[in-house]
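Working notes for the structure below.
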Amino acid sequence: MSEKIERVKTLILGSGPAGYTAAIYAARADLKPIMYTGMEPGGQLTTTTEVDNFPGYPEGIDGPTMMVQLQQQAERFGTEVRIGMATAVDFSNEVGGIHKVTIDDSIVIEAETVIISTGATAKYLNIPSEQRLRGGGVSACAVCDGFFYKGQDVAIVGGGDTAAEEASYLANICNKVTMLVRKDFMRASKAMQHRVNSLPNIDLRYNSEVDEVLGEQVVEGLRIVNNKTGEKEEIPITGFFVAIGHKPNTEIFKGQLEMDETGYLITPGKSTKTSRPGVFASGDVQDKEYRQAVTAAGTGCMAALDAERYLATIETPQEVS
Ligand SMILES: Cc1cc2nc3c(=O)[nH]c(=O)nc-3n(C[C@H](O)[C@H](O)[C@H](O)COP(=O)(O)OP(=O)(O)OC[C@H]3O[C@@H](n4cnc5c(N)ncnc54)[C@H](O)[C@@H]3O)c2cc1C
């Protein structure tokens, strides 16, 4: 490996709403941030056509355009945005220590502070018709896209708490929600199961799997299969929601930073601090609860402020009493 070493004040990993907001704040605080975009420049919102709930866009905006605008805003204040992926990290344990981050296995960045905004990836069933219709009625976010199916018939797949919560959310807006659970029971908590069962417009189907999402350009229906009897059935729907979980992009931080059992970075209390001084985390990578662009942006702002305050503390000699 041929190594090129560069020293920076603030390194930002990830170019979703959290990363760009951190960049805007860090650049305006003169931290001269360098951002590496990762394999999905712009993050998850580049996979959606319409963002209707980010404040400041009264007519809504398409995801890719919104992310280009966030990039332009970050660059306006001097953020250097680079294409590249963090492939290894060696974080210091010391206050004021230098953190080493390897980019694309070839460049080593030595950073005084690191802001991790590497997000999370929604899991899909990965059947071809589902992949083809992503953005055409297939979505992994009911809170984001449910509104577009107001008064219509939709389906959701998943049996955990998130699926149950999203099914209840959809039931409030949609005409009918068919909920498909692969097993003959739900993993969701008893309270969530009770909520689902109490909603008359949720049609709960156990032992049910998706055989095919139907439709050419947009979702028109779902062919489902009963995994006990093999019986197939087609149901007409316009929206199909996948709620089978998310995977936080934290593989490279294993053994370096504290994570919960599902791999989300832990940032205790009301801060973005991780378990290493000078390393901060913002956005979906540390939030499995809300997972929205605006909440990611909010914690991106917090991470930059936390980094700025951390640097101020280590740069100011402590008073000896
Ligand atoms: C289909 C869909 C529709 C959605 N619609 C909405 C909506 O309408 N409104 C809303 O508020 N929210 C919506 N969301 C949720 C929203 O997209 C996320 O909450 C938000 O994007 C999270 O932002 P983030 O910055 O934390 O991470 P992400 O957007 O996930 O971005 C992560 C970034 O990290 C980078 N990265 C990953 N690994 C590395 C690495 N090793 N090195 C460097 N970079 C790395 C990636 O390339 C990417 O740029 C939607 C999500 C989906 C999937």
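Remember, it's 1-based here, ligands and their atoms both numbered in the order they're listed. Predicted model only: the values in this text are computed from it and were never measured.
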Short list, please: which atoms of ligand 1 are under 4.0 Å from a heavy atom of Met39?
37 (C), 47 (O)
Under 4.0 Å from any heavy atom of Ser117, which atoms of ligand 1 are there?
32 (C), 33 (C), 34 (O)
Output the list of atoms in ligand 1 that are nearer than 4.0 Å to some heavy atom of Gly283, sorted by atom number.
26 (O)
Ignoring hydrogens and geometry, is there a side-chain-to-backbone donor-acceptor pair from Asp260 to Gly263 under 3.5 Å?
yes
Would the distance check show the side chain of Asn197 and the main-chain N or O of Gln193 forming a donor-acceptor pair, the cut-off being under 3.5 Å?
yes
Give the single entry among Pro17, Gly43, Ala88 that approaches atom 24 (P) of ligand 1 most closely by any heavy atom.
Pro17
Are Val210 and Leu204 grouped together when hydrophobic residues (ILVMFWY) are joined by side-chain heavy atoms under 4.5 angstrom apart?
no
Atom pair CG/CD1 of Leu170 and Ile156 - distance to nearest 0.5 Å
5.5 Å
What residue and atom, counting heavy atoms only, is the protein's closest point to atom 52 (C) of ligand 1, and at what distance?
Gln44 OE1, 4.1 Å
Is any N or O atom of Ser139, backbone or side chain, closer than 3.5 Å to an N or O atom of ligand 1?
no
Close approach, Ala122 and ligand 1, non-hydrogen under 4.0 angstrom:
no
Geometric N/O contact Asp145 with ligand 1, under 3.5 angstrom
no
On the six-membered ring of Phe91, is Arg276 placed so that its NZ or CZ lies under 6.0 angstrom from the centre and within 45° of the ring axis?
no
Would you mind checking which non-hydrogen protein atom is closest to atom 15 (C) of ligand 1, with the distance to 0.1 Å?
Arg291 O, 3.7 Å
N/O to N/O below 3.5 Å, does that happen between Asn249 and ligand 1?
no
Which is closest to atom 2 (C) of ligand 1 in terms of heavy atoms, Thr21, Val294, Thr48?
Thr48
Do the ring centers of Phe241 and Tyr149 come within less than 6.0 Å of each other?
yes
